[in-house]
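Letters A, B, ... are given to chains in the order of the sequence lines, protein chains preceding strands, and every chain is numbered from 1.
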Number of protein chains: 2
Amino acid sequence: MTIPPDDDVLPPGLTAADFTAALRAFAGALGDSAVLRSAAAVGEFRDPYAFASWDEHWPSAVVQPAGVEEVQEVVRIARRHRVPLWTNSMGKNNAYGGGAPRVRGSVVVSLRRMNRILEVNEELAYAVVEPGVSFFDLCADLRRRGTALWASIPDLGWGSVVGNALDHGFGYLPEGDHAASQCGMEVVLADGSLLRTGMGAMNGNRAWHAHRRGFGPAVDALFMQSNYGIVTKMGKWLTPQPEVYAPVAVRASREADLEALVDGLRPLLLDGTVRNLPLLGMMMGAAAMTKPREAWQPGGGPLTEAFYQRVMDELGTGYWNLRTALYGAEAVVDAQLARIRSVFAAVPGVEVIARKIAGADVSEETVTLHPDRVQAGIPGLRLLDILGWWGGTGGHLDFSPVAPLHGADVRALTQLIRPEIERAGLDFWPGAVLTPRSFVYVCPILFDAADESQARAAYDVYRRLVQLTAAAGYGLYRGHISFMDDIADAYDFGDQAMRRLQETIKDALDPDGILSPGKQGIWPGSMRKDRS
Amino acid sequence: MTIPPDDDVLPPGLTAADFTAALRAFAGALGDSAVLRSAAAVGEFRDPYAFASWDEHWPSAVVQPAGVEEVQEVVRIARRHRVPLWTNSMGKNNAYGGGAPRVRGSVVVSLRRMNRILEVNEELAYAVVEPGVSFFDLCADLRRRGTALWASIPDLGWGSVVGNALDHGFGYLPEGDHAASQCGMEVVLADGSLLRTGMGAMNGNRAWHAHRRGFGPAVDALFMQSNYGIVTKMGKWLTPQPEVYAPVAVRASREADLEALVDGLRPLLLDGTVRNLPLLGMMMGAAAMTKPREAWQPGGGPLTEAFYQRVMDELGTGYWNLRTALYGAEAVVDAQLARIRSVFAAVPGVEVIARKIAGADVSEETVTLHPDRVQAGIPGLRLLDILGWWGGTGGHLDFSPVAPLHGADVRALTQLIRPEIERAGLDFWPGAVLTPRSFVYVCPILFDAADESQARAAYDVYRRLVQLTAAAGYGLYRGHISFMDDIADAYDFGDQAMRRLQETIKDALDPDGILSPGKQGIWPGSMRKDRS
């Protein structure tokens, strides 16, 4: 790996002497050990899947505040020294750029030292956590305390509970829309002052993490996918351990069944039969977790029909695989499961496989499959295995456009994405998170990050897909740091009215442009190219 | 009723000549008939329950744009002429000030002419409506189109679907948190430009009303309970007509059962057994809908225990009455109902009464009781009958603090509110909307609006209660225009950090302070008293 020498990377516009002064100020406020400049330490915050010599997103240093007051100090110092910051909760966010900043030379603010679980309220089913708390941490703590609470988690358990919610992330329990199941934040603003949102805007308010809104406009969403503040704590709603947990798998053997699965599930989501966020995917994950591409189809080239058939035959998987789960009193779950079965009984060749287990008996010992674990709030890293697909240094970009939850739209979007990815010599890996009215396609574009031309092909096709899908009326819900301007450009109603509004708010809240410049395509006035 | 002469009320700082010029400009853009100045027309936008001579909230005129472009014109003209506007969807909002502006002499922008239902999407269960669409209009349209969709509605059907959501209003179906079941707005900003939120920020996006967020920070909540823009259309999620609808009444005969009802219902809400927003109330509504106070307890004075007992005996009501409903496949509803019964079977003297009816059979003919209708999306005005309670000109203020959904908190809040209201010579009328984690107390303080001293007593006790409840950690979710500054003052964390943020955003988005100054305690820079 090419690592720029320590003094090679500086914040834009700063001399080495300016920067040294800024680092001294950070160290003075936080202690020497909280300021990191070594190539190894800084290198943790590059995009883990970028080709080694691509260094446009290299940070210059890392600061690690240990508490709210230290975050306030960091912001004040950055403002004084004109140092752009880039905030990370844990530094994961893989496939979207990892912990790397948009602006080369930014100072990473890593909140991983702020890892306290401040409150667990069992009766009201919520926890209050700092940004350095991972899903692993939270789930272990809920077990250690002996609570009957489950946390909604994404497929990989190492990320930050707060960071995931802030990036509009999804999990797979009933509280799986993580941005929506956030309730009540504390935020450090760019002037170093401290804000509490919702009912927390009142000193000593007892409903801070129980009621969604306070008085006047709710500002919580402003601090998600944005660069308007640094969130230092967050209330997160949890799911009560159910009497019965029933993971459900729906398998369809034909590619043509995509619409039937989507349209079949929609009424079940809309009427509350299914309360979690189901995941619909092709068999690619199962294939990759078994063996690499070369072992399935030696010699490269586009994947053939024979490959897909062989995976289905060998692994007993469907072409499309839908996973969901039911949670509740046994009689309720039984009735809901019967309803799911009756809907899919109408689709030829579709199979519904379910299992029931008492919620109190759910553990790593009793629940062993990844899909069954992740829907019960048992975190893991199993999904990392897919990165071996191409051999070499596994990397991926996640291309994530949203469609209405309608078979015809999902088909149209699939027909845009698949051929474009395959023309680039890469494989189509659709996965999708389903909400009651939307289909969030999360298509990992896998590549060997040690192979520059394959990595370049993945980046190039991502950029093309942003434009292609936008032209057809589908926008991304999240994006890789390298494409944030492209994605934001595609939100073009009213001559970019949304970006103008976001920039107006940016300038009002962070006039010096200190906080995460460029995140989500929002640049401070000083770094904005004029768009006329 | 004292009606100020036409030329008596002017926007602050404007001469009669200035104002005449502004009115000419409005009439030039919208047509003469869209600009109203008669005392009768303007009087529709005073607080309907204010004592006749209280005129601090009198508007100066009413303008009625018929479409988005006309709203843009109104904003541009107001800015040019420095006329403060006050936006109304339908002008209801009774008990919170009706359609009256905070600043005397504001020009009311009534959106009642913009009353089109722009789209009903049956598959994805949403409608797109303009602000002048009432709940009556929407529900009638859903029936007329023959859709199998129900809309969540509040107790009174005459209000605006958009206006209610914007004021964080609640209804009683599964999509009953109306601010949360909003999806995708169009907004006119203070500079006259047009914004679309969420996925609608992309031209031609197909998921505008199906997916909650776009790319970057979601700004929808900024336009609720605020004065940052004028919402001209909104997507509203609907509930699919269920196979079976089962309204459920839970009656408890003792005042002391309050905690048992709250704590009994909480797990049912948290685990999804109950998916709508239940309403918990005392028997006061039933009493008032039968006969006025004087007929129940002649001669005035505080209500006695004998009164409460008599109401229960005569009307067969409980002391506390909880209403909820189940929606879904019959077997699911049966299992959920059994679970509700088993929870409350544990509480002595509590009775659960339920009825089942096929969703397709629900109509005004088959469902006759108000609680059963309102939970099935059949709107009415029945609740207005309670206004006859004191005789004279019935009026009320709604005092609406929020507690966590916890019996002990609800008891503590009740013990703060009840004696204070009774000391003021008024009656305690608790009602509460329950969300899975919060208890939204909506206490109508009824009075005879023609009796100045009783009206004054109601206003005075409201103001005292704002402070008393805030000191104990409970904040209001919504408030009457006369107390918005008091309520906002109570949100005091970080030396009013929330209000400072809201004001910073106000100044950035509306530098001339044209839009609804003072709403929710947010004043533009030009009207702000310094808070040092």
Side-chain angles (χ1 to χ4, degrees), chain A residues 123-125 168 193-196 199 201-207 210-211 213-219 221-222 224-226 240 242 270-272 275 328-329 331-332 335-336 339 402-404 406 409 437-438 470 473 475-476 487-488 490-494 497-498 501-502 504-505 508 520 522, chain B residues 123-125 168 174 193-196 199 201-207 210-211 213-219 221-222 224-226 240 270-272 275 328-329 331-332 335-336 339 402-404 406 409 437-438 470 473 475-476 487-488 490-494 497-498 501-502 504-505 508 520 522:
Chain A
E123 284 182 313
L124 295 167
H168 297 175
S193 69
L194 199 61
L195 178 83
R196 288 184 176 172
M199 286 289 167
M202 172 182 286
N203 275 304
N205 188 287
R206 295 185 52 78
H211 189 74
R213 293 170 280 272
F215 191 70
V219 299
L222 283 191
M224 300 184 177
Q225 281 205 0
S226 84
L270 285 172
D271 76 1
R275 295 190 300 118
V332 175
Q336 289 169 331
R339 190 156 148 62
V402 177
H406 195 278
D409 276 286
R437 290 173 183 80
S438 67
L476 271 62
I487 300 166
Y491 285 81
D492 57 353
F493 176 81
M498 180 57 75
L501 176 69
Q502 291 169 341
T504 300
I505 295 173
Q520 245 67 25
I522 304 168
Chain B
E123 285 182 313
L124 294 167
H168 297 177
S193 69
L194 200 61
L195 178 83
R196 288 185 176 171
M199 287 288 168
M202 172 182 284
N203 274 304
N205 188 287
R206 294 185 52 78
H211 189 74
R213 293 169 281 270
F215 190 69
V219 299
L222 282 191
M224 298 183 179
Q225 281 204 359
S226 83
L270 285 171
D271 76 1
R275 297 190 300 118
V332 175
Q336 289 168 330
R339 189 155 149 60
V402 178
H406 194 278
D409 276 287
R437 291 172 182 83
S438 65
L476 271 61
I487 300 166
Y491 285 82
D492 57 353
F493 175 81
M498 179 57 75
L501 176 69
Q502 290 170 340
T504 301
I505 295 173
Q520 246 66 25
I522 304 169

I'd like to verify something: which residue of [options] has the highest number of heavy-atom pairs under 4.5 Å with chain A?
| options | result |
| --- | --- |
| B:Ala329, B:Pro404, B:Ser193 | B:Pro404 |
| B:Met224, B:Glu123, B:His406, B:Arg339 | B:Glu123 |
| B:Gly328, B:Pro174, B:Gly204, B:Gly214 | B:Gly214 |

Please identify, among [options], the residue contributing the most non-hydrogen atom pairs under 4.5 Å to chain B.
| options | answer |
| --- | --- |
| A:Val332, A:Asn203, A:Leu194 | A:Asn203 |
| A:Gly475, A:Ala331, A:Pro242, A:Gly494 | A:Gly475 |
| A:Val219, A:Thr504, A:Val402 | A:Val402 |
| A:Gln520, A:Gln502, A:Arg437, A:His168 | A:Arg437 |
| A:Ser226, A:Gly216, A:Ala508, A:Ala497 | A:Gly216 |

**Prompt:** B:Ile505 versus A:Pro217: any side-chain heavy-atom pair under 4.5 Å?
**Reply:**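 B:Ile505 does not reach A:Pro217 side chain to side chain.
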
**Prompt:** What is the distance from atom CD of B:Gln225 to atom CZ of A:Phe215, rounded to the nearest 0.5 Å?
**Reply:**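 The CD atom of B:Gln225 sits 6.0 Å away from the CZ atom of A:Phe215.
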
Give me the atom names and distance for the closest heavy-atom approach of [X] to [Y].
| X | Y | value |
| --- | --- | --- |
| B:Ala201 | A:Met498 | CB-CB, 3.7 Å |
| A:His211 | B:Ser438 | ND1-OG, 2.8 Å |
| B:Ala470 | A:Met202 | CB-CE, 3.7 Å |
| A:Leu195 | B:Phe493 | C-CE2, 4.2 Å |
| B:Ala218 | A:Ala221 | O-CB, 3.4 Å |

For [X], is it the side chain, the backbone, both or neither that has a heavy atom under 4.5 Å from a heavy atom of chain B?
| X | answer |
| --- | --- |
| A:Pro240 | side chain |
| A:Gln336 | both |
| A:Arg213 | side chain |

For [X], is it the side chain, the backbone, both or neither that has a heavy atom under 4.5 Å from a heavy atom of chain A?
| X | answer |
| --- | --- |
| B:Ala403 | backbone |
| B:Asp492 | both |
| B:Arg275 | side chain |
| B:Leu270 | both |

